[in-house]
Each structure stands twice: as structure tokens, then as C-alpha cells.
Amino acid sequence: MGLDFTVVPGYLDFILLGVLWTIAITIGAALLSFFIGIFFAVIALYGPWFIRLPFRAFEWLFMGTPLLLQLFLIYFGLVQIGIDLPAFVAGVIGLGLHFAVYNSELIQTAIIAVDRGQMEAARTLGLSRGQALRKVVVPQAVRDVIPPIGNNMIALLKDSALVSVIGVSELTLSAQRAIGNTYRPFEFYVVAAAFYYLINLGMEWVLRRIERRIQAAR
Amino acid sequence: MTDQKPFLDIRNAQKSYGDLEVLKDISLQVQRGQIVAIIGPSGSGKSTLLRAINDLDPLTGGEVWLEDMQINKKLPHRQYEKHINQVRQNIGMVFQHFNLFPHLSVRGNVTLAPKMLKGISDDEANALAEEQLEKVGLLDRIDYYPSRLSGGQKQRVAIARALAMKPKVMLFDEATSALDPELVEEVNLVMKKLAEEHMTMVIVTHEMGFAEAVCDRVLFMDQGVVVEEGPPSKIFRNPDNERTQNFLRKHLANANR
Ligand SMILES: Nc1ncnc2c1ncn2[C@@H]1O[C@H](COP(=O)(O)OP(=O)(O)OP(=O)(O)O)[C@@H](O)[C@H]1O
Ligand SMILES: [Mg+2]
């Protein structure tokens, strides 16, 4: 049984639907991980202790355990306490929170690295600490870590394949289903890999544009 | 003049970092429209005193008053934050290293605080930015980012940013010390202009010539105390105290090198 790519076109619309789901999950989780990452960074640094301490435990949970397990926990585990999320939503939340923790680490470091004269200048003008963080310190910190956050987002795209295990019909699961019908694993996995690569290129293009925009405003 | 109630009144300021006493019972009264220079050797406590005025470095003892309001009054934390944010709107501060916000344009730097704190519209904020930048001669740089400005231009923007809050007092902490010599004059000119408009100012400076030309009064500080104070003609030409004489002699020798 040699290779036969002629089976692929018949499943192309099916695979493309998977591509769309992968893009949707990646964009959803990326946005979530970005904004929640900023929020996490601020509460990790400035929150009161009774928020900071549980947050540390939460952070440990997300960094120290497999993402696959986290997805299972959110999708299958939460049902037991009455939270029954659609697979797509569970996938976005799982991926989003997981990468939010990594983004938060980057942003925390960057916030600490912002010159303390910035906070002073803002406070001197009469801004509160919260206002100064929001308008002066955090925007600079985030701007400084856009490239490494971009790398996290590429990793997020690749890890989005894991949500196939909770039944989201994204690219990997679509390929698997096509294989189930055709018994052509090599062909469909290669096609899936090619699509991941293309999405990856697209993301890098977007990231470069964002970085250039930021560079221009310096 | 002495019978007038002081505009800015520092009473028995005391500040310690652990065992290190940085300010030892300093009092300073500034009348409305007066310009006071603070000079003294490095580490004498000039910045600490200046930064105590707007409570950036809170005093460990003593009081600071602006008109009828005590700036560093004891309040519960939340109330104090509200109070001090209000107070600081009245006190402009200019730093040695400018501290412009690099992620905002010149316009953004100048309008940020008025927009957030005074609830003015975008149009009003723009008009305000234009007015203040005109004053410091940088209207044509309004859409530049700080990284594209020279040091002197940055400091003039920082002054415009402070002025946009319409402060009652301006504090300068070695505003020209980080500048290349050829850029000092443009900043000094802006400060002179403010002096002509009778802005109340407290200026920490190493530039004795400028202090003599602009200031009404000079304080010489050393090791946390005010060693001598008086009109510039007196302090610079004919100081009584030996420490003042030594400092000025050394300073002059350095300046002429
Ligand atoms: N946060 C701090 N913790 C400990 N000591 C401090 C702190 N800030 C300032 N000091 C000390 O307080 C003293 C006065 O410092 P200050 O910055 O007020 O001096 P200055 O007169 O402004 O000096 P310069 O001309 O170098 O700016 C110095 O001995 C300094 O080391
Ligand atoms: Mg100083």
C-alpha cells in the first residue's frame, strides 16, 4: 500500500473546517492568555496577600502539571460540580489560562524592570497607583515583552492540537477522523502538518507587524 | 514679607533611613511667587527635602503645609491616598532624568494627567498641550515620541507636562544636571520665563550662576541641616559660614576646571 494523496481532496472541506476551528481556538485562547496574563501579573505583584497566595498555588497548578490533564479537568472534571462547558469553550479556557500563567511570568518581570522614575513621575502628577500602573507602567512592560509573548502564542497554536482529546473538531481531530474513514494516516497527518505550518507563518507575519508598529512608536 | 503667611511651609522636617538621619529639623518657608534655590554637597539631603514636599519620600517627623492644607497629615491609608493624589495635582515636579513616558507621544505625555484627573475633553486637552508646548517652545514636536528628542527638549516637555496640571508650586531636582552643557541654557530659559510669571518654585541645583540670577533666596544644606540661608547676593558673594565658603570655593574650582 503506497502513498496516495488523491484521497485528500475529497476531505479538503472537512480539513479546512478543522483549520478554521484551530484558528478560532488559537485566537480565542491567545487573546484570553494575553489579557488574563496582564491581570495575573498585576495581582501577583500588587494584590493583597490573600489573593497573592492562592494565586501562587494556581500558578503552580498550571505550570507544574500537563496541559492535557488541565483540559481533562476543565472539561470532564468541572461537570461534577455542575459546570458543564461546551468542548470549544473548555478548550479555549484551558489553553488560555495555561498560557496566561506563562505570559504573566514574562509581564511580571517586565513590570519590575520598568524604571521606577516612571511610577514616580505619574504619581507626582496626581495619578493613583492603580492609574499609574494602568496607563504608564503596564503598557511599557507589555510593549517590552511582545516578542516573547509572541513565542508563547506560537507554542499555543501547536498545543491547541491537544483539545482534540476533548472532542473539539479542530485540525488534528479532523485529520484523525479522515484517517478513520480512509486508513491513510501518513497522507492526512502530512496535510495537517502543512496547515499548522501555514497558520504558523500567518501568525508570525501578524506578530512581526505588531512589533513593527511598536517600534515605530518609539 | 516676613509678616505674610507662607505659601509653602515646611516645619521641623525630619527624615531618617534606619539610623541614618538625612534631614535634621529643617524648616523652610516659601512665599507665593518666591523662588528658592537649595544648594549643597552630594548626599546633604536636598532631594530628600524636595521630595518630602509632595510626599514622594515621606518625612519621619515634621509638617509640610501648602496654603491652608497640611500635605503630610495623618489619615487612614485609603483617605490618605485620595488626599495626596489631590495635593500632588497642585505641585509640579521636574526630575533630573526627565522621566517622560516613552510609550506616549509628547502630546500624550502632556495630556495624560489632565485627561485622567480633570475630566477634560480631548479638544480641551489638545488646546492645553498646545498652550504648554508653545510656552516651552516645542509646539512643533507635539507628535514626536520622547526617544526622538534631545535631552534639553525632553526636559522642556517634562516641564510642560507638569505645567499642564496648572500647579501652584514647581519643584525642580537638578533639572539640568543630566544635560550636555550646550543644552542647559534652553531649559534655564524656560525656568526663567516661569520666574517672570511669578511661579512659586523650589529649585535644587548645582548651577550657582543660574541660582544667583533667578532666585530670591538660597539655602545651603550640608549633612541634613540648613547651614546658611539668605538672598543670593549674600550667600554667593559674602557667606558667613565657613562650610558655605568651602563648598562654594570647591564648587567654583570644579566649575572652572
Ligand atoms: N532610600 C534610601 N535609603 C537609604 N538612604 C537613602 C535613601 N535615599 C537617600 N538616602 C541617603 O540620604 C542622604 C541624602 O540623600 P539625597 O538624595 O537627599 O542627597 P542630595 O543632596 O540630593 O544629593 P545629590 O546632590 O547627590 O543628589 C544620602 O546619604 C543618601 O545616601
Ligand atoms: Mg539629589
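Per chain, numbering begins at 1; letters A, B, ... match sequence-line order.
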A:Met119 CE to B:Asn99 CG distance, which is reported to the nearest 0.5 Å: 12.5 Å
Part of B:Glu81 lying under 4.5 Å from any heavy atom of chain A: side chain
Top contributor to chain A interface from B:Gln86, B:His97, B:Arg88, B:Lys82 [non-hydrogen pairs under 4.5 Å]: B:Arg88
A:Leu125/B:Leu112 under side chain to side chain contact (heavy atoms under 4.5 Å, CB included): CA gap, chis, key distance, verdict: CA-CA 9 Å; A:Leu125 290 164; B:Leu112 177 72; 5.6 Å; no
Distance-only donor-acceptor check, side chains A:Arg123 and B:Asn85, under 3.5 Å: yes
A:Lys158 NZ: over 12 foreign heavy atoms closer than 6.0 Å: no
Contact winner vs chain A - B:Ile91, B:Leu100, B:Leu171, heavy-atom pairs under 4.5 Å: B:Leu100
Separation of A:Thr124 OG1 from B:Leu56 CG (nearest 0.5 Å): 4.0 Å
Nearest-0.5 Å distance that lies between atom CD1 in B:Ile84 and atom OG in A:Ser128: 13.0 Å
Rounded distance [0.5 Å steps], CD in A:Gln131 versus CE in B:Met116: 4.0 Å
Heavy atoms from other residues, nucleotides or ligands near CZ of A:Phe39 exceed 12 (cutoff 6.0 Å): no
Shortest non-hydrogen separation from B:Arg161 to A:Ala121 and the atoms involved: NH2-CB, 3.5 Å
Contacting moiety of B:Phe95, where chain A heavy atoms sit under 4.5 Å: side chain
Region of B:Arg51 that comes under 4.5 Å of a non-hydrogen atom in chain A: side chain
Distance in Å, B:Phe101 CZ paired with A:Lys135 NZ, rounded so as to fall on 0.5 Å steps: 12.0 Å
Residue B:Glu197 excluded, over 12 heavy atoms near CD under 6.0 Å: yes
Contact class of B:Met165 relative to chain A, heavy atoms under 4.5 angstrom: side chain
Closest contact, heavy atoms only, A:Pro139 versus B:His103: CB-CD2, 3.7 Å
